[in-house]
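Predicted, not measured: the structure shown is a model, and the values here were computed from it.
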Amino acid sequence: MYPYFINEQKNPKLSRGERLTVVRNTQTGGYDLQITGLTREEDVGQYSCDVNTIPPKQYMIYLKLYLPPSSINIDAYDVDGILRVNGTEGSSLTLSYQSSGGDPPANVSWYRGSPLLSTGINEAMHSFIPTRDDDLQNYTCTSFYPALSQPMRRNVQLFLGLRPGLPEIPKIPNTKEGDQIRVTCSSSGGRPPSSLWWIFRGTYLKSTCVSSTINPSTQTYTVNAILNITVNKENNGKNIICMANNSVVPTGLQSSRMVTVLCKL
């Protein structure tokens, strides 16, 4: 490599020598080499400053250029500016964050609030089994690169498939033989909305009416179903079962109420 300066003259053989200037440092009283338009190909490496004293003095320094990442990948999708990760209540989930191309490699960490969950170099993965308390909560991945003035942060929101609540059946009033009874059942807190099924004396019955509403704050569903059925004395003491299921609990959750049929006099 050619010297940048010979005595006080800039070496004419230097390529792009216009980038180089020696400037007076008023604080130290010395002279600094100022380089503009830094590139890794031309400027990274060891520099020496030679002073023609008796005896000669030489000062060495190594210039390293930090490089920000060329790509960042987080396994999430965007919903109105919010990064979301899908998961299922009670099933294993892995949050993954990778970066590449940075020099030096990034320190990457996952947090939920303040607690540190996992950390790594250029990649951090956090595997866990989410509960209902994790739903709609933010997890934060932080990447520290010396090339950046402050750490890079990404928040992701967990959006879970949730179990429906145990079906609720109000007490069924006593009725007379041959009358029609109206049975209601509701299940809340599921996502996606649950399906409600009726079972009476071993037979699956179709609801007379079904409705579903969504809670805008929790984005969970309440499903209501009505069953109208005519009873006779053989139904006395039998249970009507309401079963709720969705993709999180395909086998279903069930509750029951006993039917009391009074004989006609």
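Separating the CD atom in Gln98 from the OG atom in Ser100 is a distance of 9.0 Å, to the nearest 0.5 Å. Taking OH from Tyr97 and OG from Ser109, the interatomic distance works out to 10.5 Å, rounded to the nearest 0.5 Å. The structure places OG1 of Thr251 at 8.0 Å from CG of Asn245, a figure rounded to the nearest 0.5 Å. Atom CG of Leu65 and atom OG1 of Thr39 lie 7.5 Å apart (nearest 0.5 Å). Taken from CG in Asp135 to CG in Leu162, the straight-line distance is 4.5 Å, to the nearest 0.5 Å. In this structure, OG1 in Thr21 is found 8.0 Å from CG in Leu33, a value given to the nearest 0.5 Å.
Judged purely by distance below 3.5 Å, without hydrogens or angles, the side chains of Asn232 and Glu177 never pair a donor atom with an acceptor atom. Side-chain contact of Ser187 with Tyr221: a donor-acceptor pair under 3.5 Å is absent, judged by distance alone. Residues Tyr145 and Asn107 bring no donor and acceptor atom of their side chains to less than 3.5 Å of each other. In summary, the side chains of Trp198 and Ser207 do present a donor paired with an acceptor at a separation below 3.5 Å, with no hydrogens or angles considered. Under 3.5 Å, the side chains of Ser194 and Asn246 contain no donor-acceptor pair of N or O atoms. Side-chain atoms of Asn138 and Gln157 include no donor-acceptor pair closer than 3.5 Å. Asp75 and Ser96 form no side-chain donor-acceptor contact under 3.5 Å, judged by distance and modelled atom types alone.
Counting heavy atoms from C-beta on, the side chains of Met243 and Tyr204 come closer than 4.5 Å. Between Val259 and Asn236, the closest side-chain pair of non-hydrogen atoms is not below 4.5 Å. Considering only heavy atoms from C-beta on, Phe144 stays 4.5 Å or farther from Met152 through its side chain. In this structure, Asp50 and Ser48 have side chains that are in contact, with non-hydrogen atoms separated by less than 4.5 Å. Here the side chains of Glu89 and Asp134 are not in contact, with every heavy-atom distance at 4.5 Å or above. Between Arg191 and Gln219, the closest side-chain pair of non-hydrogen atoms falls below 4.5 Å. Counting heavy atoms from C-beta on, the side chains of Thr184 and Ile169 never come closer than 4.5 Å. The side-chain heavy atoms of Val223 and Ser186, taken from C-beta on, include no pair separated by under 4.5 Å.
A salt bridge links Arg19 to Asp43: at least one charged side-chain nitrogen sits closer than 4.0 Å to a carboxylate oxygen.
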Walk me through whether Asp32 and Arg24 qualify under salt bridge (charged side-chain N to carboxylate O under 4.0 Å, His left out).
CA-CA 6 Å; Asp32 297 337; Arg24 176 77 172 179; over 6 Å; no
Would you sort out whether Leu38 and Leu63 count as a side chain to side chain contact (heavy atoms under 4.5 Å, CB included), showing the intermediate values?
CA-CA 10 Å; Leu38 287 168; Leu63 175 63; 4.1 Å; yes
Passes side chain to side chain contact (heavy atoms under 4.5 Å, CB included), Tyr59 versus Val51? Steps please.
CA-CA 8 Å; Tyr59 302 90; Val51 183; 3.9 Å; yes
For Tyr47 and Ile35: C-alpha separation, side-chain torsions, deciding distance, then whether side chain to side chain contact (heavy atoms under 4.5 Å, CB included) applies.
CA-CA 12 Å; Tyr47 291 74; Ile35 307 174; 3.8 Å; yes
Side chain to side chain contact (heavy atoms under 4.5 Å, CB included) between Gln46 and Met60, worked out:
CA-CA 7 Å; Gln46 186 167 279; Met60 308 293 292; 2.7 Å; yes
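Note: the hydrophobic cluster containing Leu205 does not contain Ile226 (ILVMFWY, side chain heavy atoms under 4.5 Å, direct or indirect links). A chain of hydrophobic side-chain contacts below 4.5 Å, direct or via other Ile, Leu, Val, Met, Phe, Trp or Tyr residues, connects Ile74 to Leu93. When the side chains of ILVMFWY residues are joined at heavy-atom separations under 4.5 Å, either directly or via intervening members, Val108 and Leu116 end up in two distinct hydrophobic clusters. Placement of Val249 and Leu166 within a single hydrophobic cluster is found when ILVMFWY residues are connected by side-chain heavy-atom separations under 4.5 Å, directly or transitively. The same ILVMFWY cluster, assembled from side-chain heavy atoms under 4.5 Å apart, contains both Val85 and Leu117.
Nearest heavy atom pair, residue Asn215 against residue Ser217, reads OD1-OG, 2.7 Å. Val210 and Ala225 make their closest contact through CG2-CB, 4.2 Å (heavy atoms, listed as atom of the first residue, atom of the second, distance). Residues Pro130 and Leu158 share a closest heavy-atom pair of CB-CD2, 4.4 Å. The two residues Cys185 and Leu196 have their closest heavy-atom pair at O-CD1, 3.7 Å. Listed here is the closest heavy atom pair of Ala106 and Ser99: CB-OG, 4.0 Å. Nearest heavy atoms, Val248 versus Gly161: CG2-C, 3.4 Å.
At most 12 non-hydrogen atoms from other residues, nucleotides or ligands lie less than 6.0 angstrom from CZ of Arg182. Atom OH of Tyr66 is surrounded by 12 or fewer heavy atoms from other residues, nucleotides or ligands within 6.0 Å. Residue Glu18 places its CD atom among more than 12 non-hydrogen atoms of other residues, nucleotides or ligands, all under 6.0 Å distant. For Lys64, the NZ atom counts as densely surrounded, since its 6.0 Å shell holds more than 12 non-hydrogen atoms of other residues, nucleotides or ligands. Residue Trp110 places its CH2 atom among more than 12 non-hydrogen atoms of other residues, nucleotides or ligands, all under 6.0 Å distant. No more than 12 heavy-atom neighbours from other residues, nucleotides or ligands sit within 6.0 angstrom of CD on Glu168.
Aromatic ring centroids of Tyr139 and Phe128 lie under 6.0 Å apart.
Cation-pi geometry between Arg84 and Phe159 is met: the NZ or CZ atom falls under 6.0 Å from the ring centre, inside 45° of the normal.
Exactly one of Thr175, Thr260, Val261, Asn228 qualifies for a side-chain contact (heavy atoms from CB on, under 4.5 Å) with Ile181. That residue is Thr175.
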